[in-house]
Amino acid sequence: MRIPKPVAALAAAAALSVLASGCGTSQADAGKGEGGQVTVRIPDPGNSGVLAVGKKDGSLDKALAQVHAKVEWTGSAGPFAPAAQAMNADQLDIATGSITSGITSLTQTPGFTFFSATAPDGAGEGILAKKGSGIDSVEDLAGKKVAVNQGGTGEYLLLKALAEHHIPASKVKRVYLKPDQTAAVFNSGKVDAWAAWAANSVAELGTGKAEFIATGKQIGSDNYSLNAVRTAFADQHPEVVRALYDYLHTASAKQKRDPAAYLNVNTDAGPQALTGAAKSAQIAITRQAGTVEPVTPTDIKRFEEVARFYAAQQVTPKTVDIAAHVLDVEKLS
């Protein structure tokens with residue numbers, strides 16, 4: 001299977017880079033600054049996505065000012081697991097991650113709630129292998145080493161692909177790596193394949209040296225991207241959560257229509273920038289993107305299926321109750 005034409009949604013992580021690895025200082029649960037203005041703590045969005053544009057052009061500040069709120073940018077883009085920990089510790093108010101990472105984070109004592117969903121990225125996520133490696137299909141992974149992030153998108157994609165092709169998970173060695181470590185290991189040949197999402201796969205596809213042997217769409221991925229809010233913040237400031245949702249919903253639709261405007265927002269050079277084939281691939285994927293939407297009952301049923309799959313695969317010790325941690329954003333005001 002060669003690099004497929006984009007056929008599904010852009011990874012929301014690239015679209016809405018709201019993940020956190022760093023944390024700001026803790027505030028009181030009221031979240032109010034001078035003059036009663038509410039401060040909402042969001043990880044710095046980096047160089048792409050709707051929040052990067054919103055930060056640069058002031059449109060997010062303007063939207064939140066309508067509900068007497070402002071953003072405090074804190075930390076930087078990173079995996080959902082540390083973001084969940086930061087929300088639990090009252091050091092962060094908003095974060096984005098996959099439903100798969102969300103499920104593993106919910107096995108702890110969660111202090112967050114999901115308030116929006118973006119459809120799975122069928123084109124930007126999947127199993128990568130080097131061209132000419134002899135790994136051309138999921139069946140070829142038997143006896144091989146595959147890099148994954150533990151409990152998150154990568155592990156889900158690999159297990160889902162193996163299950164769809166009736167290959168026992170024990171036939172493939174999972175190599176657990178952090179996302180920022182994996183490219184070097186993959187390119188050194190120390191692993192045979194990499195289960196990745198768009199934030200990582202686009203760069204590899206852009207080199208022309210790697211290809212998907214199976215995409216998220218081909219394996220039936222239900223790996224939604226979700227926006228999460230600290231539960232206490234949502235309880236105290238529902239109007240701020242609704243205003244942020246409205247902004248993300250509208251901006252994600254604009255991004256879908258004009259994806260290039262949401263890339264290289266601050267710089268078109270250096271490690272944060274996308275250029276050449278990688279940029280073209282990201283633009284093509286974004287044109288088929290999902291948009292930020294409320295979480296529907298149908299979505300929850302699909303989340304629950306992922307939770308049952310994770311429990312069956314022994315990624316989690318039991319099936320997580322997703323519905324108990326979902327907020328109906330359309331009822332907020």
Side-chain angles (χ1 to χ4, degrees), residues 6 8-22 42-61 63 71 73-80 82-83 92 94-98 101 116-126 149 152-153 179-180 182-183 196-207 216 223-228 244-245 247-292:
L10 168 69
L16 304 172
S17 180
V18 199
L19 313 179
S21 57
I42 303 176
D44 190 281
N47 197 36
S48 66
V50 299
L51 290 181
V53 170
K55 179 184 179 183
K56 184 176 181 178
D57 68 10
S59 58
L60 180 59
D61 287 334
V71 175
W73 301 106
T74 180
S76 58
F80 182 72
L92 189 68
I94 302 292
T96 295
S98 64
S101 293
S116 75
T118 303
D121 177 20
E125 65 179 17
N149 61 316
T153 293
D180 60 359
T182 313
W197 57 102
N200 301 300
S201 66
V202 165
E204 297 303 320
L205 296 171
T207 67
N223 189 38
Y224 279 74
S225 175
L226 305 180
N227 281 308
L244 181 59
Y245 164 78
Y247 180 86
L248 295 173
H249 171 74
T250 300
S252 64
K254 292 178 179 178
Q255 178 183 239
K256 182 173 180 175
R257 292 193 297 269
D258 184 14
Y262 293 82
L263 293 177
N264 300 339
V265 174
N266 302 305
T267 179
D268 57 7
Q272 283 192 318
L274 282 178
T275 60
K279 181 178 179 180
S280 298
Q282 186 68 83
I283 289 172
I285 291 170
T286 309
R287 289 199 176 107
Q288 300 296 319
T291 53
V292 175

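Residue numbers run from 1 in the order of the sequence given. Because the structure is a prediction, the values reported are computed rather than measured.
Counting only distance, with no hydrogens or angles, the side chain of Asn264 and the backbone of Ser48 share no donor-acceptor pair below 3.5 Å. Checked by atom type and distance alone, the side chain of Ser252 pairs as donor or acceptor with a backbone atom of His249 at under 3.5 Å. Put simply, the side chain of Asn200 never gets that close to the backbone of Ala183: no donor and acceptor are under 3.5 Å apart.
Between Trp197 and Val202 the shortest side-chain heavy-atom distance does not fall below 4.5 Å. Between Leu51 and Leu60, the closest side-chain pair of non-hydrogen atoms falls below 4.5 Å. Residues Gln282 and Ile285 have side chains in contact (heavy-atom distance under 4.5 Å, counting atoms from C-beta outward). Under the 4.5 Å side-chain criterion, counting only non-hydrogen atoms from C-beta, Trp73 is in contact with Ile42.
The pair Lys55-Asp44 counts as a salt bridge, with a side-chain nitrogen and a carboxylate oxygen less than 4.0 angstrom apart.
Within the model, atoms OG of Ser116 and CG of Leu244 stand 8.0 Å from one another, a figure rounded to the nearest 0.5 Å. Tyr262 contributes atom OH, which lies 13.5 Å from atom NZ of Lys256 (distance to the nearest 0.5 angstrom). To the nearest 0.5 Å, atoms NZ (Lys254) and OG1 (Thr291) are separated by 13.5 Å. Expressed to the nearest 0.5 Å, how far CG of Leu205 lies from OG of Ser280 amounts to 12.0 Å. Interatomic distance, Phe80 CZ to Asn149 CG, rounded to the nearest 0.5 Å: 13.0 Å. Residue Ile94 holds its CD1 atom at 7.5 Å from CG of Asn227, rounded to the nearest 0.5 Å.
Contact detail for Ser201 and Gly124: the closest heavy-atom pair is OG-O, 2.6 Å. Of all heavy-atom pairs between Ala83 and Leu92, the closest is O-CD2, 3.9 Å. In terms of heavy-atom proximity, Leu263 sits nearest to Ile283 at CD1-CG1, 3.6 Å. Counting all heavy atoms, side chain and backbone alike, Tyr247 lies closest to Gly54 at OH-CA, 3.0 Å. Listed here is the closest heavy atom pair of Gln272 and Gly46: NE2-CA, 4.2 Å.
A donor-acceptor pair shorter than 3.5 Å cannot be found between the side chains of Ser98 and Ser225.
For Lys279, the salt bridge (Lys or Arg N to Asp or Glu O under 4.0 Å) criterion is met by no residue, not counting sequence neighbours.
The one candidate from Thr286, Val292, Leu248 that meets the side chain to side chain contact (heavy atoms under 4.5 Å, CB included) condition with Gln255 is Thr286.
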